[in-house]
Amino acid sequence: MAREKLDDKIKRGKAIIRLLRKHYPGARTSLSHETVHQLMVATILSAQCTDERVNMVTPPLFAKYRSIESFADADLDELARDIFTTGFHNSKAKSIRNSARALLEQHGGEVPRTLDELTKLPGVGRKTASVILGNAWGIAEGIVVDTHVGRLSRRLGFTTEKNPIKVEQDLMKIIPRKDWIDLSHMLILHGRSLCPARRPDCASCFLSKLCPSSR
DNA sequence: CTCCCGATAT
DNA sequence: ATATCAGGAG
């Protein structure tokens, strides 16, 4: 079977985006937060953890640590206990405290607005940086590729890559920039509902006709 | 590449 | 018992 041409992938991508928009209108992050810095903390906590669990931890966390300064001054062991149930608590505690310190020492207490500056913050990688840019300011420098976006991009035939950066590069060729932010939100919602890692429900999926993995 | 790591579904 | 969840650092 011949490999699908890029032009055909782009057309299929448009059709898929259209259907996703219809089924997931107003898709947005499900990470609860009030400020951009809180979004940053919640996103750091979301690594290898469900958003649902992050949202159980953050309300009391943000009630206790009310400012960037408060996180910067936090006792590491105590902070680790406060976020314990999200997993990776020791490394996440370091990331949260040290990134807060970096914001105060190098960015005047503001969260920077470029991928380059964000990814230099301790504990903030490319995916976390893109989440912040997209959700806080609607900036699409890149595409958020998390476990869901990677999996669905492969199932939908947009890429064969496993490395998130390579997946992102393939998506950027196929999807128009104006759709980058919404695409990730919608693929994540779709991944949680109909297209999870284990038992995708192709029978009831509205994308099945456009999906090469559908059975 | 390995390590960090708890909660949940299967 | 095992796979999976809005990853990042060494």
Side-chain angles (χ1 to χ4, degrees), chain A residues 20 24 26-33 36-58 60-61 76-103 111-112 115-156 161-168 171 175 179-201:
Chain A
L20 285 170
Y24 306 111
R28 211 183 131 50
T29 182
S30 56
L31 260 17
S32 47
H33 63 281
V36 177
H37 179 251
Q38 287 182 353
L39 172 63
M40 184 173 122
V41 172
T43 310
I44 289 172
L45 290 175
S46 71
Q48 295 296 292
C49 178
T50 60
D51 284 12
E52 192 181 353
R53 175 143 303 277
V54 174
N55 288 338
M56 294 182 208
V57 168
T58 46
L61 185 73
L76 268 189
D77 290 329
E78 185 178 351
L79 181 54
R81 286 196 294 276
D82 293 331
I83 62 172
F84 183 79
T85 60
T86 65
F88 298 149
H89 45 279
N90 288 316
S91 51
K92 285 176 181 175
K94 277 183 199 166
S95 296
I96 290 169
R97 190 194 67 178
N98 294 342
S99 59
R101 290 184 175 179
L103 289 182
V111 178
L115 255 185
D116 201 48
E117 291 174 292
L118 282 166
T119 50
K120 283 175 184 160
L121 297 172
V124 178
R126 189 173 176 89
K127 176 255 165 184
T128 298
S130 283
V131 168
I132 295 167
L133 288 178
N135 286 293
W137 303 296
I139 299 171
E141 269 194 62
I143 300 178
V144 172
V145 177
D146 69 341
T147 168
H148 293 296
V149 175
R151 181 181 68 252
L152 268 68
S153 295
R154 285 186 288 277
R155 284 182 178 166
L156 287 166
E161 300 288 351
K162 194 172 177 182
N163 182 314
I165 293 182
K166 291 182 178 175
V167 173
E168 183 177 358
L171 286 175
I175 307 297
D179 294 322
W180 286 2
I181 294 172
D182 291 341
L183 175 75
S184 297
H185 288 142
M186 296 189 295
L187 288 184
I188 288 163
L189 286 177
H190 197 59
R192 285 184 191 147
S193 54
L194 289 175
C195 197
R198 290 189 178 185
R199 222 161 46 85
D201 187 2

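This one's a predicted model, so the numbers in the text were calculated from it and none came from an experiment. All chains are named by letter (A, B, ...) in the order of the sequence lines, taking the proteins before the strands, and each is independently numbered beginning at 1.
Between C/dG7, B/dA7, B/dT10, one nucleotide has an atom nearer to the side chain of A/R198 than all others, and that is B/dT10. The side chain of A/T128 approaches C/dG8 more closely than any other nucleotide in the set C/dA6, C/dG8, B/dG6. Across B/dA7, C/dA6, C/dC5, the shortest atom-to-atom separation from the side chain of A/R53 is found for B/dA7.
Look at CG on A/D51: it is 13 Å from C1' on C/dG7, rounded to the nearest Å. We find that CG of A/L183 is positioned 16 Å from P of C/dA6, with the value rounded to whole Å. Following rounding to the nearest Å, A/I44 (CD1) and C/dG7 (P) show an atom-to-atom distance of 13 Å. For the pair A/L45 CG and B/dA7 P, the interatomic distance rounds to 14 Å; values are reported in whole Å. When the C1' atom of C/dG8 is taken as reference, atom CG of A/N163 falls 13 Å away, rounded to whole Å. In this structure, NZ of A/K162 is placed 15 Å from P of C/dG7, rounded to the nearest angstrom. Following rounding to the nearest Å, A/E52 (CD) and C/dT4 (P) show an atom-to-atom distance of 19 Å. Atom CZ in A/R81 sits about 16 Å away from atom C1' in B/dG6, given to the nearest Å.
Comparing the P positions of C/dA3 and B/dT2 gives an interatomic distance of 15 Å, to the nearest angstrom. Taking atom C1' on both nucleotides, C/dC5 is separated from B/dC5 by 12 Å, rounded to a whole Å. Remark: the separation of the P atoms in C/dA9 and B/dA7 is 24 Å, to the nearest Å.
For A/E78, the CD atom sits in a packed shell: over 12 heavy atoms of surrounding residues, nucleotides or ligands are nearer than 6.0 Å.
Between atom OG1 of residue A/T58 and atom CG of residue A/D82 there is a gap of 12.0 Å, rounded to the nearest 0.5 Å. Distance check, rounded to the nearest 0.5 Å: CG of A/L171 to CH2 of A/W180 gives 9.5 Å. Note that the CG atom of A/D51 and the CG atom of A/L31 stand 4.5 Å from one another [nearest 0.5 Å]. Residue A/T86 holds its OG1 atom at 5.0 Å from CG of A/L45, rounded to the nearest 0.5 Å. Rounding to the nearest 0.5 Å places CG of A/L152 at 9.5 Å from CG of A/L183.
Heavy-atom distances under 4.0 Å link DNA chain C to A/V144, A/D146, A/T147 of residues 138-147 of chain A, given in residue order. Of all the residues in residues 187-196 of chain A, A/I188, A/R192 reach under 4.0 Å from DNA chain C with at least one non-hydrogen atom. Remark: A/F88 in residues 87-98 of chain A come within less than 4.0 Å of DNA chain C through at least one heavy atom. If you check residues 148-155 of chain A against DNA chain C, the residues with a heavy atom closer than 4.0 Å are A/H148, A/R151, listed by number.
Ring orientation note: the planes of A/F84 and A/H89 are tilted relative to one another, at an angle of 30° to 60°.
Scanning for side-chain hydrogen bond (donor to acceptor under 3.5 Å, both in side chains) contacts around A/N55 gives A/S32, with sequence neighbours left out.
Using a 4.0 Å heavy-atom criterion, one finds that A/V124 contacts the sugar-phosphate atoms exclusively. In this structure, A/I83 reaches neither bases nor backbone, as no heavy-atom distance under 4.0 Å exists between it and the strands shown.
Taking only distance into account, the side chain of A/T29 meets the base of C/dA6 through a donor-acceptor pair shorter than 3.5 Å.
Contact record, A/A47 with A/K92: O-NZ, 3.0 Å, taken as the closest heavy-atom pair. Across every non-hydrogen atom of A/S46 and A/V54, the tightest pair is CA-CG2, 3.7 Å. Residues A/R199 and A/P196 come closest through the heavy atom pair O-CG, 3.8 Å. The shortest heavy-atom contact between A/A102 and A/L121 is CB-CD2, 3.7 Å.
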Enumerate donor-acceptor pairs with a distance under 3.5 Å from any side-chain N or O in residues 133-144 of chain A to protein atoms, sequence neighbours excluded.
from	atom 1	to	atom 2	distance (Å)
A/N135	OD1	A/H185	NE2	3.0
A/N135	ND2	A/V131	O	3.0
A/E141	OE2	A/L115	N	2.9

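When each of A/T43 and A/L121 is assigned the nucleotide of DNA chain C bearing its nearest heavy atom, the one mapping closer to the 5' terminus is A/T43.
Classification of A/K120 and A/D116 as a salt-bridged pair holds, one side-chain N sitting under 4.0 Å from a carboxylate O.
The one candidate from A/L187, A/V167, A/I165 that meets the side-chain contact (heavy atoms from CB on, under 4.5 Å) condition with A/V145 is A/V167.
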